[in-house]
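Keep in mind it's a predicted model, so treat the numbers as computed, not measured. What you see below is based on every heavy atom in this structure, not just the backbone, and it leaves out hydrogens, waters and symmetry mates.
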Amino acid sequence: MSSTIESTTRPATAAAGKGDMGRWIDIAALDDIPPRGARVIRTRLGCIAIFRTHDDRVFALDDRCPHKGGALSDGLVHGHAVTCPLHAWVISLEDGRVQGGGEGRVGTHMVRVAAGRILIDASLATRNAA
Amino acid sequence: MSRKLVIIGAGMASGRLLEHLVDAAPGAFDITLFGAEPRGNYNRIMLSPVLAGDKSYDEIVTHDAAWYRAHGITTRFGEPVVKIDRRARRVITAAGPTGYDALVIATGSAAFFIPVPGNDLPGVVGFRDMDDVETMLQAARRGGEAVVIGGGLLGLEAAAALRAQGMEVTVVHLMGHLMERQLDEAAGYLLRKELESRGITVLCDAHTRAILGHDRAEAVALEDGRVIGADLVVMAAGIRPETRLAVDAGLHVERGIVVDDAMHTSDPHIFALGECVEHDSVVYGLVAPLYDMAAVLAKTLTGHEARFRPPAISTRLKVTGVELFSAGDFATGEGREDIVFRDPARGIYKRLVLRDDRIIGIVMYGDTADASWFFDKLTCGEDIAPIRDTLIFGPAFQPGQEPASATAALPGTAEICGCNGVAKGSILAAIRAGATSLAEVKARTGASASCGGCAGLVEQILADTLGADFEAPQVQPVCACTDLGHDDIRRLIRAQKLKSIPAVMQEAGWKTSCGCHLCRPALNYYLLCEWPLEYRDDAQSRLVNERNHANIQRDGTFSVMPRMWGGMTTPAQLRAIADAAEKYDVPAVKVTGGQRIDLLGVKRDDLPAIWADLNAAGMVSGHAYSKGLRTVKTCVGTDFCRFGTQDSTGLGIRLEKILWGSWTPHKVKLAVSGCPRNCAEATCKDVGIVCVDSGYEVGVAGAAGMDLKKTEPLARVATEDEAVDLTVAFIQLYRENARYLERPYRWVERIGMDWVRARVVEDEAERAALIERFELSQSVYRKDPWAEQARPEYGPRKWQPLADLTLEAAE
Ligand code: SRM
Ligand SMILES: Cc1cc2nc3c(=O)[nH]c(=O)nc-3n(C[C@H](O)[C@H](O)[C@H](O)COP(=O)(O)OP(=O)(O)OC[C@H]3O[C@@H](n4cnc5c(N)ncnc54)[C@H](O)[C@@H]3O)c2cc1C
Ligand code: SF4
Ligand code: FES
């Protein structure tokens, strides 16, 4: 695989402050997720869905639909959006917003791909209900 | 006194740096240039034309001996640096040490050899320098077979060149489409089509397992078992920054040697540039940014301020006759808009990605004449709002220019009407002879006179030929991604032999880059139905139930329903179900309306394990989640019932064993009753058989869901075999002709029972052909998806979480 391209997806909500950045955890290879697919990671505050799109971009969103809590990781991925498996709401992977008028917004997280590996923001590992 | 400057690597980046230095500060440095290759700087990107025989090595040399002499540069070619001694500020080669005041590392990259057995055999080469090209040219002179591993820019240039040199070439690519880093699926499809037309074999989704051979490479083995003969294997699966010297010297190295905006490494006396560096977490693999680095480093070395800023990067493929361009960020997404232009007839695809009225991404295939015009707008961030409507047509926009329709691309021999065998040429002839409407074409040629499925295409041909004189009635499109209806798409898949989702989207002029949740499942079904052997089912184009082989519940758990053939079970099976229910804490066990048992509320993580347990007890998936065969309900029939006339249970089980696993446009349910009392409720099923004294009454197209409808009689036959044949033929006709998500009763309502009877009952040859096509498809699909997905290797690929961070130590 070419090692020359990488993409970083920074969610619109997270301030791109330098301080906490740079601490990334390597969780898996890009190829562990099929293109146009998703897998989950477990954290103490619930599951996070990691999506891989047709153009090999990677996004991380809370694995809960704002409608009735459907697991977005089981949805159908198209473009940079996912269709919820329960009642077909379409959620943007870029900013977690519901497309076409639904209420609510899904939390997004920092993730990036480097050298074919998926890296997530280290604070996801340490976050706690406290 | 001039400073001693040592440069490691005589490549494209250092070549550019030297030019800047001798221009800006002649004589300021005493320069020594080390190169591992036994030659000076040359234009590496032109190695592809050299390999193809279009250019010679002499034509691509950028700096010759006279140039180095004229500028007083000491050259030490063929002499690799083996060590940097930072404390003494000197570099070491086989000939000894050389001191420096300032050191520049410009060692570029090395080809990445994928770690498989046999990757070090003679005959396996990278594609990086002139020596590699000479090895390949020698192999090409002997002819034979070449396998190129990697379908990116380098791999495809190598493949095209080796093909031009007369070799049999196969490209083995790990990903689903070619050049996935630079192209979207649509452009990747067109590129593949072009390469295949040159005789290059392209295998996507192909994992290399090993390179086979004794003294040298003889073949490449893939994970799926295929073995491809190879006299030459080209590794073009990526590049790795050449950082070994820097690592040994203790410089800060991540993926590349880390540099700041001015090209300093972590040592104040050492600088680096080119593919070996990493700047702001990015490593580059194309020359444009490296040239910018050279300009910056020249300033830094001569004491001026300069900062490297990552430029927009564009890619072209240097294969004669292939027009392809890609730049910027061409991903889709919220706040981004796509302008897509497809001209199926001329094989053209252009896509601009806009954000805030600015071009941020470009993909072009087939016609790249306007590429630099678009790229210019991308780099300077021009507001394109005033010209948005005509932007995609480029600077030479002619009003009225429109893409050609999908039917315009079809050859005259393409069959438009499957029922009556009418080709496009005959329809054109009828139009030339004066037909101006669908009705007239139908009357003259018979096209669309039977099932009417091709009416949309006939109208499109009328519109292509008559232009503004013909007003086509609107068909209901599949979804917002296309203007074409389901029937048109199915006819195009057949007529143009389209065998992949990107192929359909290109040739039918899709308006989006990769479809949506409405069209993808439909296209996936149409393709697997039409090309059961060639098309590979795409799990990512299926909705959750069919992807997970279980029904999702409102709380995210799943229901699991094993098959009970014809509603029959055994104490052992019931025991196994009971054990599974207890073992996996299943909250509810229910007898369904389909004569079997449902385990409701199974946790997603438990699915593979519960399936494995049920498999072990001899049970398979009941497909209660599929657009496919669901159940065959039966009554007890002659075995026990005093009224039974035939073996209804046996026939039901036989039918279920033939039909299970098949995919259909919508779900299909059957029932067989042993007598007209009809205890299995056969008269409201998709196919319902009622046994009578003289044989079997086969009815079809019943409904008892959202609509209620009695089955229509298809035929009355004397033997069980005939009843089975009619059933299979009817279901295959439904598979081949209905629209996705159209139940049989709706489809029959639209096309009429006469049309169905003519094919399934009256035309014996057609019936046999339908059965044969069904069997062909079942040779692939009559298998248990649970057994497959419960295999251990599926766990880490699909069922287990990617990572479990709840186990990380809390801080
Ligand atoms: C389990 C079962 C109900 C029961 O407890 O008995 C059932 C459960 C569901 N049915 Fe059904 N249907 C069940 C028998 C029926 C029957 C009766 C029959 O099969 O004899 C019908 C009427 C006949 C028919 O098929 O039309 C039936 C007509 C429907 C329909 C309406 C279809 C139509 O075209 O009119 C839907 C909706 C759909 O498919 O779009 C539906 C959909 C559903 C879904 C899949 C709803 C959904 O999308 O989640 C239910 C899944 C529940 C779950 O979470 O597991 N179910 N459903 C039955 C399973 C039968 C089996 O063993 O496979
Ligand atoms: C076939 C081919 C086609 C390409 N096509 C394109 C294209 O169309 N467009 C594009 O933009 N880019 C293209 N590229 C990429 C482009 O050539 C590279 O980006 C560019 O050459 C990198 O420049 P560089 O100076 O960093 O490294 P290089 O040009 O690789 O130079 C590095 C040099 O350092 C030498 N070296 C390494 N280690 C040592 C050592 N220890 N001691 C001494 N010397 C050493 C190497 O032998 C090599 O000669 C192509 C590359 C190839 C191989
Ligand atoms: S009738 Fe409705 S509620 Fe009951 S199982 Fe069928 S779909 Fe679900
Ligand atoms: S829970 Fe996602 S659409 Fe209803």
Once you round to the nearest 0.5 Å, how far does NE2 of A/H54 lie from OG of B/S513? 4.0 Å
Which region of B/D538, side chain (C-beta onward) or backbone (N, CA, C, O), has a non-hydrogen atom less than 4.5 Å from a non-hydrogen atom of chain A, or is it both or neither? side chain
With a sphere of 6.0 Å drawn around CZ of B/R128, does it hold more than 12 non-hydrogen atoms of other residues, nucleotides or ligands? yes
Sort B/P796 into side chain, backbone, both or neither according to what part of it lies under 4.5 angstrom from a heavy atom of chain A. backbone
State, yes or no, whether a side-chain contact exists between B/P521 and A/L76 at a heavy-atom distance under 4.5 Å. yes
Identify which part of B/S541 has an atom lying under 4.5 Å from any heavy atom of chain A, answering side chain, backbone, both or neither. both
Is the shortest distance from a Lys or Arg side-chain nitrogen in A/R42 or B/D605 to a carboxylate oxygen in the other one below 4.0 Å? yes
A/P35 side chain reached by B/E180 side chain, heavy atoms, under 4.5 Å: no
Between B/R604 and chain A, with a heavy-atom cut-off of 4.5 Å, which part of the residue counts as in contact: side chain, backbone, both or neither? side chain
Main chain of A/V77, side chain of B/R520: is a donor-acceptor contact present, judged purely on distance under 3.5 Å? no
Mind checking whether A/V40 and B/L802 have side chains closer than 4.5 Å, heavy atoms only? no
Examine whether an atom of A/V90 lies under 4.5 Å from a heavy atom of chain B, and if so say whether it belongs to the side chain, the backbone or both; otherwise answer neither. side chain
Would you give the length of the straight line joining atom CG of B/D804 to atom OG1 of A/T43, rounded to the nearest 0.5 angstrom? 9.0 Å
Hey, are the side chains of B/V544 and A/L86 touching, using non-hydrogen atoms and a 4.5 Å cut-off? no
Part of B/Q553 lying under 4.5 Å from any heavy atom of chain A: backbone
Smallest separation among heavy atoms of A/G37 and B/Q540, with atom names: CA-NE2, 3.1 Å
Where do B/C514 and A/G79 come nearest, in terms of heavy atoms and distance? SG-N, 3.2 Å
For chain B, the option from A/I41, A/T83, A/D74 that forms the most heavy-atom pairs under 4.5 Å: A/D74
With a 3.5 Å distance limit and no angle check, can you tell me whether B/R547 reaches the backbone of A/G75 through a side-chain donor-acceptor pair? yes
Does CZ belonging to B/R536 count more than 12 external heavy atoms closer than 6.0 Å? no
Checking A/R39 side chain against B/Q800 main chain: does a donor-acceptor pair fall under 3.5 Å? yes
Can you check whether B/M175 reaches A/D56 side chain to side chain, under 4.5 Å on heavy atoms? yes
When you compare the side chain of B/L174 with that of A/D31, does any pair of heavy atoms fall below 4.5 Å? yes
Chain B contact via A/I27 - which portion, at a heavy-atom distance below 4.5 Å: both
Contact origin within A/R117 toward chain B - heavy atom pairs under 4.5 Å: neither
Closest heavy-atom pair and its distance - B/T806, A/R44: CG2-N, 3.6 Å
Could you look at A/A81 and say if it's the side chain, the backbone, both or neither that has a heavy atom under 4.5 Å from chain B? neither
Would you say A/H78 and B/C519 make side-chain contact, with heavy atoms under 4.5 Å? no
With sequence neighbours left out, what residues match B/H549 under ring-ring contact (aromatic ring centres under 6.0 Å, His included)? B/Y625
